[in-house]
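As structure tokens, the structure follows; a few thoughts come after it.
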Amino acid sequence: DSLESSGADTGSGDTGGGDKGTVVVGGQDFTESQVLAAIYQKVLENEGFTVQTKLVTTRDVYLPELSSGGVDIVPDYLAGITDYLNTEKNGPDAPLVSSNDVDKTLEALKPLAEAKGISILPPSDATDQNAFFVTQDFADQNSLTTLSDLAALGDPIKLGAPPDCEGRADCEGGLTKVYGLKITEIVPLDFASAQVKDAVKKGDVTMGETGTTDGTLAADGLVLLEDDKGIQPAQNLTPAVNADFLKANPDLEDIFNQLSAALTTDDLAQMNLKVDAERQKPEDVAQQFLQDKGLL
Amino acid sequence: MIRLVGVGKTYEDGTVAVQELDLDVQRGELVVLVGPSGCGKSTTLKMINRLIEPTSGQIFIDGQDVTQADPVQLRRGIGYVIQQIGLFPHQKVIRNVMTVPLLYGESTATARERARELLDLVGLDAATYGDRYPHQLSGGQRQRVGVARALAANPPVLLMDEPFGAVDPVVRIRLQDEFLKIQRELGKSVVLVTHDIDEAVRMGDRVAVFETGGRLAQFGTPAQLLAHPADEYVEDFVGATRGLRRLTVTPIDPEHLEPLDGVSTGDLGSAIDVDATLEEALAAMLRDDKPLVGVRSGAQFVGVLTPAGIHRQLRASLK
Amino acid sequence: MIRLVGVGKTYEDGTVAVQELDLDVQRGELVVLVGPSGCGKSTTLKMINRLIEPTSGQIFIDGQDVTQADPVQLRRGIGYVIQQIGLFPHQKVIRNVMTVPLLYGESTATARERARELLDLVGLDAATYGDRYPHQLSGGQRQRVGVARALAANPPVLLMDEPFGAVDPVVRIRLQDEFLKIQRELGKSVVLVTHDIDEAVRMGDRVAVFETGGRLAQFGTPAQLLAHPADEYVEDFVGATRGLRRLTVTPIDPEHLEPLDGVSTGDLGSAIDVDATLEEALAAMLRDDKPLVGVRSGAQFVGVLTPAGIHRQLRASLK
Amino acid sequence: MSAQAAEVAKCYLDNSWICGRYWSDYRPELTDATVQHLWITVVSVLVGLVAAVPLALLARRNPTVESLVVGGTTIIYTIPSLALFSLLLPFTGLSPTTVIIGLALYSLTILVRNVLAGLRAVPDEVVEAARGMGYSRVRLLTRVELPLALPIIMAGLRVAAVSTVALATIGAIVSYGGLGNLLLQAVGNQFKAQIFAASLLCILLAIALDLVLVGAQRLLTPWTRHAR
Amino acid sequence: MSAQAAEVAKCYLDNSWICGRYWSDYRPELTDATVQHLWITVVSVLVGLVAAVPLALLARRNPTVESLVVGGTTIIYTIPSLALFSLLLPFTGLSPTTVIIGLALYSLTILVRNVLAGLRAVPDEVVEAARGMGYSRVRLLTRVELPLALPIIMAGLRVAAVSTVALATIGAIVSYGGLGNLLLQAVGNQFKAQIFAASLLCILLAIALDLVLVGAQRLLTPWTRHAR
Ligand SMILES: Nc1ncnc2c1ncn2[C@@H]1O[C@H](COP(=O)(O)OP(=O)(O)OP(=O)(O)O)[C@@H](O)[C@H]1O
Ligand SMILES: Nc1ncnc2c1ncn2[C@@H]1O[C@H](COP(=O)(O)OP(=O)(O)OP(=O)(O)O)[C@@H](O)[C@H]1O
Ligand SMILES: [Mg+2]
Ligand SMILES: [Mg+2]
């Protein structure tokens with residue numbers, strides 16, 4: 001039960017490891033984050049911790065808590081947390097320090113995180129980047145697999161994306177400047193929402209924005225175009241841990257490294273699909289995943 | 001004018017407030033309901049203007065069954081003084097009195113003029129009290145405003161529930177007199193509730209004496225009541241000293257005066273009119289400290305009354 | 001016991017309700033405040049228990065300046081009957097009466113017992129009325145509950161603002177008698193407001209007659225007031241028929257009875273006691289329809305009274 | 001950077017909360033938004049009031065109606081504004097009507113209860129006196145009951161006004177949110193001076209409305225002033 | 001697709017609003033969320049009430065305090081819940097306290113006005129009688145004024161309860177939103193059965209609370225039942 005603090009002690013008897021105290025897993029309250037939080041919870045419970053999961057709406061809410069110890073560990077995204085800490089320290093107009101390069105981004109992040117009392121464990125290969133999709137039919141007709149292919153087509157393009165897309169390097173800015181797409185209009189539609197998918201299916205817009213781990217696209221007859229020029233920053237899954245907590249529990253590092261190593265983008269997409277389409281509970285999906293990977 | 005036939009009221013909790021009541025009020029007549037506390041006087045009054053619906057019997061006004069009438073139209077023709085006074089706390093005194101004339105569509109100026117007159121009538125100076133709110137008045141002043149309010153519309157029928165209960169005797173007698181004058185002049189039909197048997201005797205053309213439980217014990221003129229109480233209950237209620245009370249209502253009987261012979265005019269003191277009551281005769285004797293009082297008809301002396309003579313006339317009237 | 005020295009009250013809007021009032025109430029004395037509507041009686045009463053603060057003068061109870069006292073403690077020793085009755089609408093009748101004993105920390109059972117007694121005392125059957133809410137009572141019944149409530153705590157001092165105004169004369173006389181009995185037995189000091197001069201004369205050890213504007217016109221025993229009104233105003237207020245009213249308070253003077261000689265015992269009717277008042281003598285005569293009444297002291301006849309004799313005694317007492 | 005850069009105020013560049021230039025540069029926008037916010041709020045609350053009185057009257061006569069009215073308004077109140085506006089959108093489109101209906105429904109919930117409680121607090125004997133004098137229901141209501149219920153109705157009206165000022169910002173989702181429009185934009189692009197200004201105006205608007213209502217209540221209920 | 005796919009209920013795959021399987025599969029989550037929603041609401045309203053009474057009492061004695069209290073609560077009401085929770089976060093962290101303080105502050109705004117209006121509606125003569133009999137201020141308040149103000153206070157309490165049920169969902173931003181947590185997730189992944197269930201429970205909760213309060217009012221004010 002990932003939603004309820006009261007459900008925290010459900011798995012504490014899994015091992016004979018004894019009670020090592022309470023851990024608070026934080027995170028945001030969307031499907032993928034729920035699944036990851038559930039995975040973290042199970043792993044920690046397996047280690048003998050009592051776990052509370054607190055999923056909140058925004059990073060603004062949990063990050064200060066992570067720094068102060070109100071939250072101990074968060075499954076976070078590499079570029080996301082980097083950008084957040086960077087703007088917090090250097091102001092909203094500071095140049096971006098995240099990029100599509102995982103190592104460089106991680107290097108930029110570490111000092112920012114340390115200053116906040118946050119330790120960053122090595123990122124997983126699994127990544128949840130923003131991505132753009134079109135209908136499978138449209139892609140087939142024009143043999144499209146990458147954004148460059150689309151640019152080569154030269155057609156005017158209507159884009160369905162959140163309103164802040166305009167000008168952003170990982171959105172309209174990058175698409176026009178890096179790829180040379182001719183974007184004629186940005187129709188304001190929420191990221192990865194049902195509306196944006198409908199709009200693409202109906203042809204109201206040519207292309208919509210979603211995430212790489214969106215598991216429902218195939219079923220809807222939609223397909224992602226590869227970001228072959230790398231305008232998306234590296235949003236690899238990265239455990240962010242309160243530094244004091246990690247210091248007190250150094251053996252956790254290994255355990256989370258194992259977990260990160262086992263996790264793939266496709267796993268995320270599959271797990272999201274199970275939750276979003278089949279309506280399985282995140283904790284069941286997490287349990288299945290951990291068993292399949294032999295991590296429990 | 002008003003007729004109650006077999007009227008009864010049993011409250012929801014089973015309290016029988018009024019039972020099998022037959023009563024009639026002629027046009028221009030003032031009928032007083034009197035009786036002990038809780039005997040159903042207010043309940044009876046409120047059934048006439050349908051503030052309370054009777055549980056049995058029928059009530060007619062001008063031959064029309066009130067239960068068939070539109071209550072609003074019905075009540076517009078009936079002035080009502082509520083026992084709890086019930087002034088509008090959000091309106092100034094003058095406005096409270098203007099309220100019914102305005103209801104009838106009179107102009108503000110006319111209504112205000114009328115309200116001023118009526119406030120004066122009930123002994124409240126409109127300039128001093130008109131602009132106050134009710135909570136700035138004394139208990140008796142509030143009650144007088146309530147009476148003025150009910151009179152303002154000049155309705156042909158008036159229901160008054162203990163209208164003078166909270167005022168002192170001087171003001172009360174003034175109000176009673178003023179009210180009687182208006183009533184006689186304008187021929188209003190009035191039902192007045194009081195617990196004051198003196199007021200009943202003084203004001204009522206006929207008096208209905210209620211018994212606890214809402215039974216009508218006797219209904220007649222004050223003189224009948226005092227002279228021939230229907231039963232012990234009425235006799236008790238009218239009072240052990242009812243003989244004395246009769247002084248108030250018994251007129252001098254010119255047939256049975258003692259002759260003037262041998263009485264020097266100096267001994268007569270201030271003579272009284274032959275229309276006066278025995279009470280006034282006795283009061284005059286005491287005031288002048290004389291054992292007799294002259295009675296005159298116009299300028300003409302018609303005889304003298306002595307204490308014994310008064311007693312004799314009183315005893316005669318009781319038969 | 002209670003002493004008012006130069007007390008005055010001017011309301012915020014400039015109304016002078018009471019001015020320069022000196023008044024004292026002895027321990028165990030019943031003082032009646034009487035006067036026309038709006039003359040400042042309620043205001044005076046409320047200044048004694050500090051519901052209204054005087055704008056001038058001082059008030060002492062048992063020698064202590066009330067303005068120095070804690071108002072809550074002060075009021076706990078003073079029973080109060082408010083003119084507007086002011087029952088607690090959210091409590092049943094019995095609870096309303098229990099409220100003050102409970103305030104003093106008595107047990108519920110004791111308080112309930114006492115409340116039952118008091119309801120009976122004021123003529124309300126506790127079984128019938130105890131479990132009703134105030135709005136289910138008639139006007140007079142509510143007022144009686146208010147009196148019972150004030151008596152419940154058995155306070156040494158009582159302030160009563162028109163406590164019997166809404167009840168019929170039979171009940172009123174019963175209540176007055178019961179109250180006087182309690183008061184005499186328990187030696188309570190009482191200030192009672194009424195507009196009923198008869199009640200004032202009947203109940204008051206001393207009576208304070210107020211004039212409009214809160215001026216004290218006269219302060220004395222009822223007999224003094226009736227016999228020697230201080231001025232025309234008091235004379236008027238006490239009433240044109242005040243001589244007759246005196247019948248009520250004037251005891252028979254055994255010195256001035258007519259002799260028994262030549263009166264057959266059959267003519268004497270039901271004799272009256274020598275302690276009776278002139279009113280009772282006159283009533284007996286009328287009741288028996290005889291022109292004279294025997295007066296006895298114990299089993300012994302001491303004389304007879306005739307109408308003329310009553311008149312003579314009355315006139316004598318006025319001097 | 002363009003040639004205008006030199007002119008750009010420091011507080012814009014620093015993204016300060018308090019920025020005098022913002023207030024002067026954006027005066028027209030702020031004024032328009034405030035005016036829109038105000039009229040939408042006022043109209044909504046008035047519509048709510050106009051609906052609340054008859055509903056309260058029906059509820060007073062009939063306990064079944066009371067349960068329905070009270071239950072119904074309860075349901076309305078639990079519908080999130082976003083969902084409510086979405087429900088209305090197909091009928092009223094992107095118009096102020098959408099916002100006003102939504103806000104009026106919310107204020108209705110508050111008002112209907114206070115109107116009901118206010119009417120029930122009118123002293124029985126005053127009502128009886130008025131009925132006895134031949135007041136019709138309508139006149140009784142307008143001349144006696146509503147005036148005497150006013151202090152309690154006003155308490156509800158003030159809560160409704162203040163909460164509507166706050167809720168009106170949500171109108172931004174259909175572009176009729178008054179200061180909410182500015183707020184939404186500013187949150188979107190982290191324009192702190194605008195967030196600050198719009199929030200401040202919102203608060204001031206709420207206080208101003210509340211004061212106006214207090215003033216109106218004083219004027220309308222002069223008899224309460226002398227009491228006690 | 002996994003072996004479990006065969007078992008997936010049709011209404012999940014269709015994403016229907018009404019889905020019986022959802023109610024049975026998610027019973028524990030629904031129960032937990034409802035319980036959390038309920039206790040957060042109840043505690044918040046109670047805290048609001050406990051704060052409102054002394055504030056109303058102070059305000060009644062003193063017009064300056066009244067303006068301050070009324071002005072202050074007005075300001076609170078115009079602060080969007082998100083901002084209010086953010087303000088509290090540094091002090092109270094990710095705990096129910098954050099939500100409860102926030103919600104209590106909102107309900108305070110409603111309650112303080114109704115408590116004040118209720119106290120002012122107590123008939124003067126009843127208060128005078130009680131004072132005359134030697135009621136202390138505290139006793140006067142608890143035995144006479146508050147009971148007689150109860151119908152009006154309850155009207156406020158009911159608005160506060162209903163609005164708090166609705167507002168409590170916003171607690172989801174700090175993970176203590178009861179049904180709001182489920183709602184937020186479900187809106188995020190378009191889980192219609194969950195949106196429907198959580199919304200329905202929210203409405204039922206609001207109605208249930210309202211009914212409980214109506215029942216409590218009936219029990220607590222028996223004297224009003226016989227009236228008229
Ligand atoms: N709050 C007030 N503001 C201004 N004047 C007032 C106020 N209360 C009473 N008065 C005035 O003070 C005077 C005395 O009032 P009070 O209530 O003491 O009279 P009272 O003798 O008790 O009369 P009643 O027998 O009619 O009850 C009256 O003229 C009244 O109008
Ligand atoms: N709502 C009610 N429910 C039950 N009984 C009631 C109700 N109202 C009045 N009564 C009872 O009905 C009887 C008659 O009441 P009513 O008010 O008519 O008396 P009344 O003659 O006017 O008395 P008073 O002179 O004291 O005003 C009383 O015994 C009273 O207790
Ligand atoms: Mg009556
Ligand atoms: Mg008085």
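All values below come from the heavy atoms of this structure, side chains included, with hydrogens, waters and symmetry mates left out. Convention: sequence-line order gives letters A, B, ...; per-chain numbering from 1.
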Need one label for Ser37(C): side chain, backbone, both or neither, based on atoms under 4.5 Å from any heavy atom in chain B. both
Taking every non-hydrogen pair under 4.5 Å, which of Ala17(B), Pro36(B), Ser138(B) racks up the most with chain C? Pro36(B)
Give, as side chain, backbone, both or neither, the part of Gln141(C) having an atom under 4.5 angstrom from any heavy atom of chain B. both
Within the distance-only criterion (no hydrogens, no angle test), does the side chain of Glu211(B) pair as donor or acceptor with the backbone N or O of Tyr233(B) below 3.5 angstrom? no
When you measure from the centre of the six-membered ring of Phe88(C), is the NZ or CZ of Arg149(C) closer than 6.0 Å and no more than 45° off the axis? yes
I want to check something: taking the side chain as every heavy atom from C-beta on, are Val209(C) and Leu216(C) in contact at a cut-off of under 4.5 Å? no
How about Arg142(B) and Val93(B): do any of their side-chain heavy atoms sit closer than 4.5 Å? no
Return the option, out of Thr15(B), Ile310(B), Val171(B), Val34(B), with the maximum number of heavy-atom pairs under 4.5 Å with chain C. Thr15(B)
Which one of Gly40(B), Ser42(B), Gly165(B), Gly123(B) has the most heavy-atom pairs closer than 4.5 Å to chain C? Gly165(B)
Proximal component of Asp13(C), with respect to chain B [non-hydrogen, under 4.5 Å]: side chain
For chain B, which candidate among Cys39(C), Ala166(C), Ala308(C), Gly309(C) shows the most heavy-atom pairs at distances under 4.5 Å? Ala166(C)
Return the set of residues passing side-chain hydrogen bond (donor to acceptor under 3.5 Å, both in side chains) with Gln143(C) (not counting sequence neighbours), or none when no residue passes. none
Just so I understand: if I count every heavy-atom pair under 4.5 Å between each of Arg172(B), Arg312(B), Glu162(B), Arg144(B) and chain C, which residue has the most? Arg144(B)
Taking the side chain as everything from C-beta on, heavy atoms only, tell me whether Ile272(C) gets closer than 4.5 Å to Ile252(C). yes
